[in-house]
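Working notes, structure below.
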Amino acid sequence: MTYDTEAGLHLPAPDMELAHREARLRELGIGDMPDAEFDAFATQLAQAAGAPYAMVNFITGHQFFAGLHTPSATQSGQGGPEAGGNPEVSRIMSRDHGYCPDVLNRRKALVLPDVYAYPRFASNEVVDLIGIRTYAGAPLIDERTDTVLGTVCFVGTDPRGKETGRDTLQLIKESRDQLMRLIYQRTGGGPR
């Protein structure tokens with residue numbers, strides 16, 4: 001990861017798998033459209049994690065949340081951002097926002113119980129845009145091609161204690177495995 005001194009941000013490393021990822025997502029027929037099954041998966045993950053946001057994120061030139069769970073006025077009872085509630089999140093996000101591009105490059109799960117405790121991650125724009133304080137994400141690695149397709153993640157607006165890290169890591173890894181099974185069942189593109 002590099003640091004942009006002018007903007008004051010850490011930037012993800014160059015994406016060496018981009019062409020392979022784009023090709024594999026096309027082969028699988030996923031990644032560029034909202035998907036009701038992925039939305040339902042994100043909702044289940046958000047509920048299991050006790051988090052207001054969860055995403056199934058396929059990353060190409062930008063991040064695309066094919067599965068997205070966000071709090072609505074009826075879910076949160078708080079109204080929208082103007083009423084002091086949680087802000088809504090678009091299905092498209094720049095690659096320099098959020099933590100999923102780091103997970104993509106690391107090829108390993110990442111759990112941040114409190115992003116403020118990690119200076120490298122505290123300066124990310126989503127901290128202020130969405131109010132993120134907690135993040136957990138895992139890479140979606142296609143076993144057939146060894147390509148990282150994207151991530152599954154959840155984010156929260158309240159910090160969690162470090163003691164929750166092991167349980168959170170287990171939850172996000174199990175979610176990753178469930179989601180890859182769902183993708184393979186739908187597309188027939190599973191491991192050889």
Side-chain angles (χ1 to χ4, degrees), residues 1-15 41-59 62-72 75-76 78 80-141 148-176 179:
M1 179 171 269
T2 59
Y3 189 76
D4 180 344
T5 53
E6 190 173 308
L9 298 173
H10 285 282
L11 302 174
D15 187 349
F41 189 91
T43 296
Q44 290 173 348
L45 175 57
Q47 291 169 348
Y53 303 95
M55 295 89 166
V56 174
N57 184 6
F58 298 111
I59 302 173
H62 56 269
Q63 299 180 73
F64 184 80
F65 304 132
L68 178 63
H69 174 83
T70 64
S72 68
Q75 290 170 317
S76 67
Q78 299 174 344
E82 61 284 345
N86 292 315
E88 287 299 310
V89 172
S90 168
R91 286 197 184 260
I92 297 175
M93 184 179 283
S94 168
R95 282 187 65 135
D96 6 354
H97 292 121
Y99 309 106
C100 289
D102 281 295
V103 171
L104 187 90
N105 292 329
R106 291 166 41 106
R107 298 177 66 96
K108 292 196 293 192
L110 175 65
V111 173
L112 303 170
D114 183 355
V115 297
Y116 287 168
Y118 305 88
R120 171 180 169 188
F121 296 108
S123 65
N124 196 290
E125 288 196 36
V126 294
V127 173
D128 293 329
L129 290 174
I130 303 171
I132 289 178
R133 289 291 302 276
T134 301
Y135 172 87
L140 301 172
I141 300 174
V148 182
L149 304 174
T151 64
V152 61
C153 70
F154 67 84
V155 296
T157 54
D158 296 313
R160 297 178 182 210
K162 287 190 177 193
E163 68 279 356
T164 64
R166 191 176 308 269
D167 292 338
T168 301
L169 182 61
Q170 181 177 345
L171 173 62
I172 201 65
K173 285 181 172 182
E174 288 172 357
S175 298
R176 170 205 58 208
L179 183 55

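We use all heavy atoms of the structure for the numbers below, so side chains are in, but hydrogens, waters and symmetry mates are not.
In terms of the salt bridge (charged side-chain N to carboxylate O under 4.0 Å, His left out) criterion, Arg106 has no residue partners (sequence neighbours excluded). Every residue was checked against the ring-ring contact (aromatic ring centres under 6.0 Å, His included) condition with Phe154, not counting sequence neighbours, and none meets it. Annotation: side chain to side chain contact (heavy atoms under 4.5 Å, CB included) contacts of Arg133 (sequence neighbours excluded): Asp114, Tyr116, Pro159. Applying the side chain to side chain contact (heavy atoms under 4.5 Å, CB included) rule to Ser175 yields the partners Phe41, Leu45, Leu171; only residues at least two apart in sequence or on another chain are considered. For Glu174, the side-chain hydrogen bond (donor to acceptor under 3.5 Å, both in side chains) test picks out Gln170, with sequence neighbours left out.
A 4.5 Å side-chain heavy-atom check between Phe58 and Cys100 finds every atom pair outside the cut-off. You'll find the side chain of Thr157 reaches within 4.5 Å of the side chain of Pro52, heavy atoms only. By the 4.5 Å heavy-atom criterion applied to side chains, Asn124 and Val115 are not counted as neighbours.
Counting only distance, with no hydrogens or angles, the side chain of Gln63 and the backbone of His97 share a donor-acceptor pair below 3.5 Å. In terms of modelled atom types and a separation under 3.5 Å, the side chain of Arg91 and the main chain of Ala66 share a donor-acceptor contact. Side-chain atoms of Thr134 come within 3.5 Å of backbone N or O of Asp158 as a donor-acceptor pair.
Separation of atoms NZ (Lys173) and NZ (Lys108) is listed at 9.0 Å; rounding is to 0.5 Å. Here the CG atom belonging to Leu110 is positioned 11.5 Å from the CG atom belonging to Asn105, to the nearest 0.5 angstrom. Remark: Thr151 OG1 to Met55 CE distance equals 9.0 Å, nearest 0.5 Å. Taking CD1 from Ile59 and CG from Asp15, the interatomic distance works out to 8.0 Å, rounded to the nearest 0.5 Å. Between Leu68 atom CG and Tyr53 atom OH the span is 9.5 Å, to the nearest 0.5 Å. Within the model, atoms NE2 of His62 and CE of Met93 stand 11.5 Å from one another, a figure rounded to the nearest 0.5 Å.
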Go through Ile172 and Arg176 one step at a time and tell me if the side chain to side chain contact (heavy atoms under 4.5 Å, CB included) criterion holds.
CA-CA 6 Å; Ile172 201 65; Arg176 170 205 58 208; 6.0 Å; no

Decide yes or no on side chain to side chain contact (heavy atoms under 4.5 Å, CB included) for Val127 and Phe121, but give the supporting numbers first.
CA-CA 9 Å; Val127 173; Phe121 296 108; over 6 Å; no

Apply side chain to side chain contact (heavy atoms under 4.5 Å, CB included) to residues Leu140 and Val148 and explain how you reach the verdict.
CA-CA 6 Å; Leu140 301 172; Val148 182; 5.6 Å; no

For Leu149 and Ile141, what are the C-alpha separation, side-chain angles and deciding distance, and is it a side chain to side chain contact (heavy atoms under 4.5 Å, CB included)?
CA-CA 6 Å; Leu149 304 174; Ile141 300 174; over 6 Å; no

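For Tyr135 and Tyr99, the gap between ring centers is short of 6.0 Å.
Here the closest heavy-atom approach between residue Pro139 and residue Ala109 is recorded as CD-N, 3.7 Å. Counting all heavy atoms, side chain and backbone alike, Ala46 lies closest to His69 at CB-CD2, 3.3 Å.
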